[in-house]
Student: 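Here it is: the structure, laid out below.
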Amino acid sequence: MKSIVVRQPEELVIEERELPQPQAGEVRVKIRLAGICGSDSHIWHGHNPFAKYPRVIGHEFFGVIDAIGDGVTDRVLGQRVSVDPVISCGHCYPCRVGKPNVCTSLVVIGVHRDGGFSEYACVPASNAWPIPDGVSDRHAVMVEPFTIAANVTGQVSPIPEDIALVYGAGPMGLTTVQALKGVYGVSQVIVVDQIPERLAMAERCGADWAIDNRQHVLSAWLEEKQIRPTLIVDAACHPSILQEAVSLASPAARIVLMGFSSEPSSVAQQGITGKELAIYSSRLNAGKFPVVIDWLQKGLIDPDKLITHVMDYRQVHDAMTLFERDRQHCCKVLLTFAD
Ligand code: NAI
Ligand code: MN
Ligand code: ZN
């Protein structure tokens with residue numbers, strides 16, 4: 001089989017590998033579609049501190065079960081599945097309190113072990129979530145990015161009367177906007193970014209206002225509209241944003257951070273405690289695959305609004321370069337494997 005491998009930082013190749021056999025408790029998935037994510041680029045360029053090389057990248061993937069390991073009784077050959085990349089131990093403290101996404105021995109498929117940019121991948125059967133017939137392949141491959149939004153919103157239980165402010169109109173900001181509008185019915189969603197084409201995508205995803213914070217001073221714009229956000233999501237992830245979010249937030253607001261910057265943010269306690277703000281963070285997803293599959297079945301979200309390119313996996317080099325360089329026109333880039 002062919003696999004897309006980062007042999008070492010900056011060396012991305014398509015390799016011939018032996019077809020893997022599923023171990024006990026695993027299934028083998030014949031991949032149909034996979035999505036390119038920023039973290040695949042980070043592994044390619046050596047910027048992911050968790051990655052070990054060589055590595056088959058890809059943690060957003062969908063396909064069909066074509067072999068079943070010993071002891072697996074609840075999956076069948078031919079079943080269409082999307083794969084949750086989070087593998088957890090099930091008994092450490094975070095696992096016991098419902099946060100397997102931060103398991104003390106967390107393994108992420110495509111980061112810590114070989115992933116889905118491959119013709120086949122063996123994964124734990126419990127990570128392979130069956131996809132109902134009514135959900136298309138293109139939607140199924142988008143489950144993982146929407147689980148990030150499900151995790152973010154799950155932290156804060158948005159309500160219709162929330163006024164949400166989302167920083168960043170990349171894939172993460174846009175999935176969050178769709179969840180806020182389509183799932184929770186939040187009445188006012190403001191998105192800020194600095195790329196006009198991305199702001200236009202945010203509007204297509206349901207944002208009520210899309211603001212370019214290079215053209216407008218956000219605090220002045222909010223003040224003029226007399227708006228105080230009650231829920232702020234940082235999907236742009238610059239360390240300076242927390243401080244601004246704290247100052248713009250309504251009393252009793254919630255703020256969710258998604259970034260992994262190692263640079264400190266500078267925030268005064270007074271700004272947080274004075275308004276009794278709640279600051280959350282969100283990493284990967286904690287059992288959100290069934291939640292997002294349900295959203296798709298009910299038509300509450302529309303992944304097609306994020307998919308800008310679909311390319312053959314043999315063009316992975318071009319696809320990833322396009323994804324990195326053309327931020328105006330690229331959002332989600334999918335790779336096709338089988339036909
Ligand atoms: P992206 O880079 O495509 O999108 C970020 C967007 O933020 C860009 O459109 C950019 O123009 C905008 N932006 C940057 N600085 C800004 C500022 N100061 N004000 C307004 N807009 C600004 O990235 P993507 O894929 O959407 O991911 C967003 C972030 O989320 C990344 O930092 C990524 O590392 C993080 N992430 C976190 C995950 C988690 O589970 N916590 C999962 C996936 C991504
Ligand atoms: Mn991803
Ligand atoms: Zn654990």
Side-chain angles (χ1 to χ4, degrees), residues 34-43 47-48 57-61 83-111 115-116 141-152 154-155 165-177 190-202 205 210-218 232-245 256-263 280-286 288 306 308 323-328 330-333:
I36 297 176
C37 176
S39 57
D40 299 308
S41 285
H42 293 151
I43 297 174
H47 299 154
N48 185 316
I57 53 176
H59 61 270
E60 304 177 2
F61 58 107
V83 178
D84 185 344
V86 173
I87 300 176
S88 55
C89 78
H91 50 75
C92 69
Y93 169 75
C95 281
R96 287 201 311 274
V97 299
K99 297 193 177 220
N101 50 323
V102 286
C103 172
T104 56
S105 43
L106 175 69
V107 170
V108 181
I109 299 175
V111 180
V141 71
M142 294 291 287
V143 171
E144 196 278 343
F146 276 93
T147 62
I148 309 292
N151 210 69
V152 164
Q155 307 279 40
L165 171 62
V166 178
Y167 282 91
M172 290 303 109
L174 297 176
T175 56
T176 302
V177 171
I190 306 150
V191 178
V192 265
D193 203 295
Q194 306 176 335
I195 302 174
E197 290 85 351
R198 290 199 156 188
L199 289 165
M201 285 192 95
C205 286
I211 309 298
D212 185 335
N213 61 353
R214 287 212 172 125
Q215 307 293 325
H216 299 272
V217 177
L218 181 60
I232 301 179
V233 178
D234 178 12
C237 306
H238 189 279
S240 65
I241 289 172
L242 177 59
Q243 188 175 11
E244 181 175 284
V256 191
L257 304 179
M258 300 175 64
F260 292 94
S261 173
S262 56
E263 296 297 314
Y280 295 81
S281 65
S282 182
R283 179 176 182 194
L284 300 164
N285 88 91
K288 299 298 188 198
L306 271 71
T308 53
F323 170 79
E324 290 170 10
R325 302 217 178 128
D326 190 358
R327 295 159 68 80
Q328 280 86 5
C330 268
C331 185
K332 190 52 76 179
V333 179

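What's counted below: heavy atoms across the whole structure, side chains too, no hydrogens, waters or symmetry copies. For ligands, and for the atoms within them, numbers begin at 1 and follow the listed sequence. Numbers here are sequence positions counted from 1.
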Student: Taking distance alone, with N or O pairs closer than 3.5 Å, would you say His42 contacts ligand 1?
Tutor: no
Student: Applying a 4.0 Å heavy-atom criterion (strictly less than), which segment of Leu284 is in contact with ligand 1: side chain, backbone, both, or neither?
Tutor: backbone
Student: Nearest 0.5 angstrom please: Cys331 SG to Glu197 CD, how far?
Tutor: 12.5 Å
Student: To check your reading of the model: name the closest protein heavy atom to atom 36 (N) of ligand 1, its residue, and the distance in Å.
Tutor: Met258 O, 4.0 Å
Student: Of the side chain and backbone of Met172, name the one, both, or neither that has a heavy atom under 4.0 Å from an atom of ligand 1.
Tutor: both
Student: Any idea which protein heavy atom is nearest atom 28 (C) of ligand 1, and the distance to it?
Tutor: Ala235 O, 3.2 Å
Student: Can you tell which part of Cys237 has a heavy atom less than 4.0 Å from ligand 1: side chain, backbone, both or neither?
Tutor: side chain
Student: Nearest heavy-atom pair of Arg283 and Asn151: which atoms, and what distance?
Tutor: O-ND2, 3.9 Å
Student: Near Val192, which atoms of ligand 1 are under 4.0 Å from a heavy atom of that residue?
Tutor: 20 (C), 21 (N)
Student: What does the angle at the Zn ion (ligand 3) come to, between atom SG of Cys89 and atom SG of Cys103, rounded to 10°?
Tutor: 100°
Student: Without swapping roles, check the side chain of Arg198 against the backbone of Pro171 for a donor-acceptor pair under 3.5 Å.
Tutor: no
Student: Which residue and atom name correspond to the protein heavy atom nearest atom 2 (O) of ligand 1, and how close is it?
Tutor: Arg327 NH2, 3.2 Å
Student: For atom 33 (C) of ligand 1, decide whether some protein heavy-atom distance is shorter than 4.0 Å.
Tutor: no
Student: How far does CD1 of Ile232 sit from OH of Tyr167, to the nearest 0.5 angstrom?
Tutor: 6.0 Å
Student: Roughly how far, to the nearest 0.5 Å, is CG of Leu165 from CD of Glu244?
Tutor: 8.0 Å
Student: Which pair of heavy atoms, one from Gly90 and one from Cys95, lies closest together, and at what distance?
Tutor: N-SG, 3.2 Å
Student: Of the protein's non-hydrogen atoms, which lies at the shortest distance from atom 17 (C) of ligand 1, and what is that distance?
Tutor: Gln194 NE2, 3.6 Å
Student: Applying a heavy-atom cut-off of 4.0 Å, say which part of Asn151 lies close to ligand 1: side chain, backbone, both or neither.
Tutor: neither
Student: What is the distance from atom NE2 of His238 to atom CD of Glu263, rounded to the nearest 0.5 Å?
Tutor: 8.0 Å
Student: Mind counting the protein N, O or S atoms sitting less than 2.8 Å from the Mn ion (ligand 2)?
Tutor: 3
Student: In the structure I gave you, are the side-chain heavy atoms of Pro94 and Thr104 within less than 4.5 Å of one another anywhere?
Tutor: yes
Student: Only one of Asn101, Leu284, Ile87 passes side chain to side chain contact (heavy atoms under 4.5 Å, CB included) with Leu106; say which it is.
Tutor: Leu284
Student: Would you find a donor on one side and an acceptor on the other, under 3.5 Å apart, between the side chain of Lys332 and the backbone of Ile36?
Tutor: yes
Student: Say whether His238, considering both its backbone and side-chain N or O atoms, lies within less than 3.5 Å of an N or O atom on ligand 1.
Tutor: no
Student: If the cut-off is 4.0 Å to any non-hydrogen atom of Ile195, which atoms of ligand 1 fall inside it?
Tutor: 11 (O)
Student: Does an N or O from Pro171, backbone or side chain, lie closer than 3.5 Å to an N or O of ligand 1?
Tutor: yes
Student: Could a heavy atom of Gly38 be found less than 4.0 Å from some atom of ligand 1?
Tutor: no
Student: Looking only at atom types and distance, does a side-chain atom of Asp40 sit under 3.5 Å from a main-chain N or O of Cys37, one as donor and one as acceptor?
Tutor: yes
Student: Please find the pair of heavy atoms, one from Ala34 and one from Gly116, that lie closest to each other, and give the distance.
Tutor: CB-O, 4.1 Å
Student: Where is the nearest protein heavy atom to atom 16 (C) of ligand 1: which residue, which atom, and how far?
Tutor: Ala236 CB, 3.7 Å
Student: Could you pull out the closest heavy-atom pair between Pro145 and Val141, with the gap in Å?
Tutor: CD-O, 4.1 Å
Student: Looking at CZ of Arg96 and SG of Cys103, how far apart are the two atoms once the value is rounded to the nearest 0.5 Å?
Tutor: 11.0 Å
Student: Applying a heavy-atom cut-off of 4.0 Å, say which part of Ser282 lies close to ligand 1: side chain, backbone, both or neither.
Tutor: backbone
Student: Dump the intermediate steps for side chain to side chain contact (heavy atoms under 4.5 Å, CB included) on Val192 and Ile211, then the final yes or no.
Tutor: CA-CA 5 Å; Val192 265; Ile211 309 298; 3.7 Å; yes
Student: Atom 1 (P) of ligand 1: which protein heavy atom is closest, and how many Å away?
Tutor: Arg198 NH1, 3.7 Å
Student: Mark up the atoms of ligand 1 that fall under 4.0 Å of a heavy atom belonging to Phe260, in ascending order.
Tutor: 37 (C), 38 (C), 39 (C), 41 (N)
Student: For ligand 1, which atoms sit closer than 4.0 Å to a heavy atom of Arg283?
Tutor: 40 (O), 41 (N)
Student: Taking distance alone, with N or O pairs closer than 3.5 Å, would you say Asp193 contacts ligand 1?
Tutor: yes
Student: I need the minimum non-hydrogen distance between Ile109 and Gly115, along with the two atoms involved.
Tutor: CG2-CA, 3.7 Å
Student: Considering only heavy atoms of Gly168, which atoms of ligand 1 have at least one such atom less than 4.0 Å away?
Tutor: 6 (C), 7 (O)
Student: Begin with the C-alpha distance, continue with both residues' side-chain angles, and end with the deciding distance and a verdict on side chain to side chain contact (heavy atoms under 4.5 Å, CB included) for Asp84 and Glu144.
Tutor: CA-CA 7 Å; Asp84 185 344; Glu144 196 278 343; 5.9 Å; no
Student: For the atom pair CG (Asp234) and OG (Ser281), what is the distance rounded to the nearest 0.5 Å?
Tutor: 11.5 Å
Student: What protein heavy atom sits nearest atom 20 (C) of ligand 1, and how far away is it?
Tutor: Asn213 ND2, 3.4 Å
